[in-house]
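Order of listing sets the numbers, starting from 1, for every ligand and every atom in it.
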Amino acid sequence: MVDVHDLNEGDLNQEDLSSRERIPVDVVSSADEGARRVAAEVAVLIRERQMANAQVVLGLATGSSPVRFYRELIRLHREEGLSFANVVTFNLDEYYPLAADHAESYRRFMQEQLFDHIDIPPENIHIPDGSVSREKAHAHAREYEERIREAGGIDFQILGIGRTGHIGFNEPGSDAHSRTRLVPLNALTRQDAARDFLGLEKVPPYGITMGVGTILEAREVVLFAWGQAKAKVIAQAVEGPVDPALPASFLQHHGEAWMVLDEAAAGELSRYRFPWLVKLMDWQPRLIRQAVSWLSEETGKSVLRLVESDYADHGLADLLAQAGPAYGLNIRIFNELQHTISGWPGGKPRADDSTRPERASPHPKRVLVLAPEPLDDVFGLGGTLSRLVRQGHEVTVAYMTSGSLGVPEEDAEGAQELLLEAAREGILEAPSQERSLSPDKAPPASPSEASGKAPSEAISKEQKANQWRRLKALMRRREARSATALCGLSADSLRFLDLPFYETGRYRSFHPGGADARAVQSLLEDLQPHQVFATGQGEDPTSLAAVCYGVFAQAWEATQDAAWRAESRLWLYRAHSEDWPVHAVDMAVPLSPDELRAKVSAVYCHLSQRNQLPGTGEAGDEAWYRAVRRNRAAAGVYHRLGLAEYEAMEFFRRGD
Ligand code: GLP
């Protein structure tokens, strides 16, 4: 059989799609739909076994990806009477060392996300124990395997995928035949967990995980992935070679493994990246732009230098037949790309705007920038923000959440120490109680010890936790004010919405309600903006950015009939996830070297977030370096296509 990877792109035809994708993929319209589909299948299995008086053995995963699936199982239990009395479960993994009652233990996660809400007998639940001693870890792992065997093996295994391509905690380098064992965690994996654990150094260094071999023995395997952050690793796992460097690729060897993806997570598969290679296309303008910019990158030639044979040799003869010759097509696409570049993100007053991304009037515009939390604004569009202010627009930045969960403990402790020291030296007024707010520090032994305060003034552990969180929120407010001041904004242009879903939630467990959307709706009605900049579309649905986008989308829809909406336009920006491919960009705002420097200073103000982004965690990956790299790379894309060379760029997409 010919390996499709040895073929030239031009040799491929429709039939090759299935051979390119070596794991069956189901692309669903939303994570909820995917969760419903898989839960329905599991429910059938559970009921069939119930009728036969037999058990079902499920292999379960943690992380964000299966959360919707668990919610759907809970709904089936509550609303459709699905019983889990005959279900036995084995979880993939657990951090090590970690106590079962630690807030971030997978044991706790499973209780909260699923087990506490269904009728599974507790003795049927199995999760590796992160608290066994090191000497006993090996025996514990062997025993875990033994339990799986005794239960008759796993019928249905749920998986997520880590950024390293890991399944469970089987990090790159894991063997196809590996079994349950203690493993060191990869640096990237620990970095990804740093936010949950409130600091990288608090993330356990090891994990106990089922092996790749254990997983592959399950009779059916389903892997969930949502959001564009997973797109690259998914494409490698599905279309690349089987490689221990990417453990999820081992699923190619399993006859009954499939993936359930949303469009964002599937976005790097060939069928989306170069759909013309796998099927006959109806050449819509956006698709033509995608094909020509892809061809330019692929050949290393600028758009205006592409010739007939470049198109023909790369599977685009069909496009030429419909929209050629190459010369005219090149010019057309060059102009289209050129027209997306604008140094006037709010529109250029009194100018011809027929080919500009934004309308000339009204001027000035009322502009609303929605940031899920402080930093998202300046990181995502700091340069554009400065331009909007400079060009006379009335800009409001609204921080949807306080961002308190994102402040590392040691930063809050540092802030507290500073306040107390200043008070002791009489620089600040002495606080009423000189005590530690940190909930981790033991509360005073007796009320009278609380700096001599009366019992009524001693505060509960919960109040203390809230105050600690509040201190963190204030730190982020201060950072936001400093950063936006560098973009020319005054403090009264900022709104801190402190949406309630965030204050009562934690990562992966945010449950927004009516009050959240109403708060955003009243902000919209109050400002009646001509431009709204929002972010979070296409992200993992449990991520903060996506939850915030959902809240905004609800408010946006609720105002759709308002008169001011006829004049308003929605722009999407990307905060921390990768930039859009160039064909998807509707507005590219160039930044001069000075503007880029100013942006970096603004990002730098968010010191508490220096290592909080899902990066590599290595030196040189701090937020400000990343901002520079990303915006320079964006400009590089345009330059390679043959357009002007700018220092840096910020990308936007029309949202309506
Ligand atoms: C952790 C878990 C994996 C999980 C991965 C991805 O590392 N051990 O089993 O698949 O995270 O998590 P998420 O679904 O949150 O992206």
Participant: Would you mind checking which non-hydrogen protein atom is closest to atom 13 (P) of ligand 1, with the distance to 0.1 Å?
Facilitator: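 In this structure, atom 13 (P) of ligand 1 has S64 N, 3.4 Å as its nearest protein heavy atom.
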Participant: Quick check with a 6.0 Å cut-off and a 45 degree axis cone: is R469 positioned over the face of Y502's six-membered ring?
Facilitator: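 Yes, R469 sits over the ring of Y502.
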Participant: Decide whether the shortest distance between a heavy atom of A61 and an atom of ligand 1 is less than 4.0 Å.
Facilitator: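 No heavy atom of A61 comes that close to ligand 1.
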Participant: Looking only at protein heavy atoms, identify the closest one to atom 3 (C) of ligand 1 and say how far it is in Å.
Facilitator: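 For atom 3 (C) of ligand 1, the nearest protein heavy atom is G168 O, 3.6 Å.
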Participant: To the closest 0.5 Å, what do you measure between CE (M259) and CG (L159)?
Facilitator: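 Those atoms lie 8.5 Å apart.
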Participant: Which residue, R630, R629, R610, forms the salt bridge (Lys or Arg N to Asp or Glu O under 4.0 Å) with D621?
Facilitator: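 Filter result, single survivor: R629.
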Participant: Examine T62 against ligand 1 and note whether any of their N/O atoms are separated by less than 3.5 Å.
Facilitator: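 No.
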Participant: Hey, are K472 and E409 close enough for a salt bridge, meaning a charged N less than 4.0 Å from a carboxylate O?
Facilitator: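 Here K472 pairs with E409 in a salt bridge, since their nearest N and O are under 4.0 Å apart.
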Participant: Quick check on contacts: which atoms of ligand 1 are under 4.0 angstrom from a heavy atom of D93?
Facilitator: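 Counting atoms of ligand 1 from 1, those under 4.0 Å from D93 are 2 (C), 8 (N), 9 (O).
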Participant: Give a yes/no on ligand 1: does R163 have at least one heavy atom closer than 4.0 angstrom to it?
Facilitator: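 The answer is no: ligand 1 sits nowhere under 4.0 Å from a heavy atom of R163.
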Participant: Going by the atom numbers of ligand 1, which of them fall below 4.0 Å from some non-hydrogen atom of S65?
Facilitator: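 In order of numbering, the contacting atoms are 13 (P), 14 (O), 16 (O).
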Participant: How long is the span from the CZ atom in F250 to the CG atom in D175, to the nearest 0.5 Å?
Facilitator: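 The distance works out to 6.5 Å.
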Participant: Just which atoms of ligand 1 are under 4.0 Å from any heavy atom in H166?
Facilitator: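 Answer, ordered by atom number: 1 (C), 3 (C), 5 (C), 7 (O), 11 (O).
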Participant: Do E622 and R626 sit within salt-bridge range, that is, some charged N less than 4.0 Å from a carboxylate O?
Facilitator: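 No.
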Participant: Side chain, backbone, both or neither: which applies to Y106 and ligand 1 if a contact is any heavy-atom pair less than 4.0 Å apart?
Facilitator: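 It is the side chain that touches ligand 1; the backbone stays farther off.
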Participant: Kindly indicate whether a cation-pi arrangement holds for R134 with Y206, taking the cut-offs as under 6.0 Å to the six-membered ring centre and within 45° of the axis.
Facilitator: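 Yes, cation above the ring, under 6.0 Å and within 45°.
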Participant: Show me which atoms of ligand 1 lie under 4.0 Å from any heavy atom of G160.
Facilitator: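 It comes down to these atoms of ligand 1: 10 (O).
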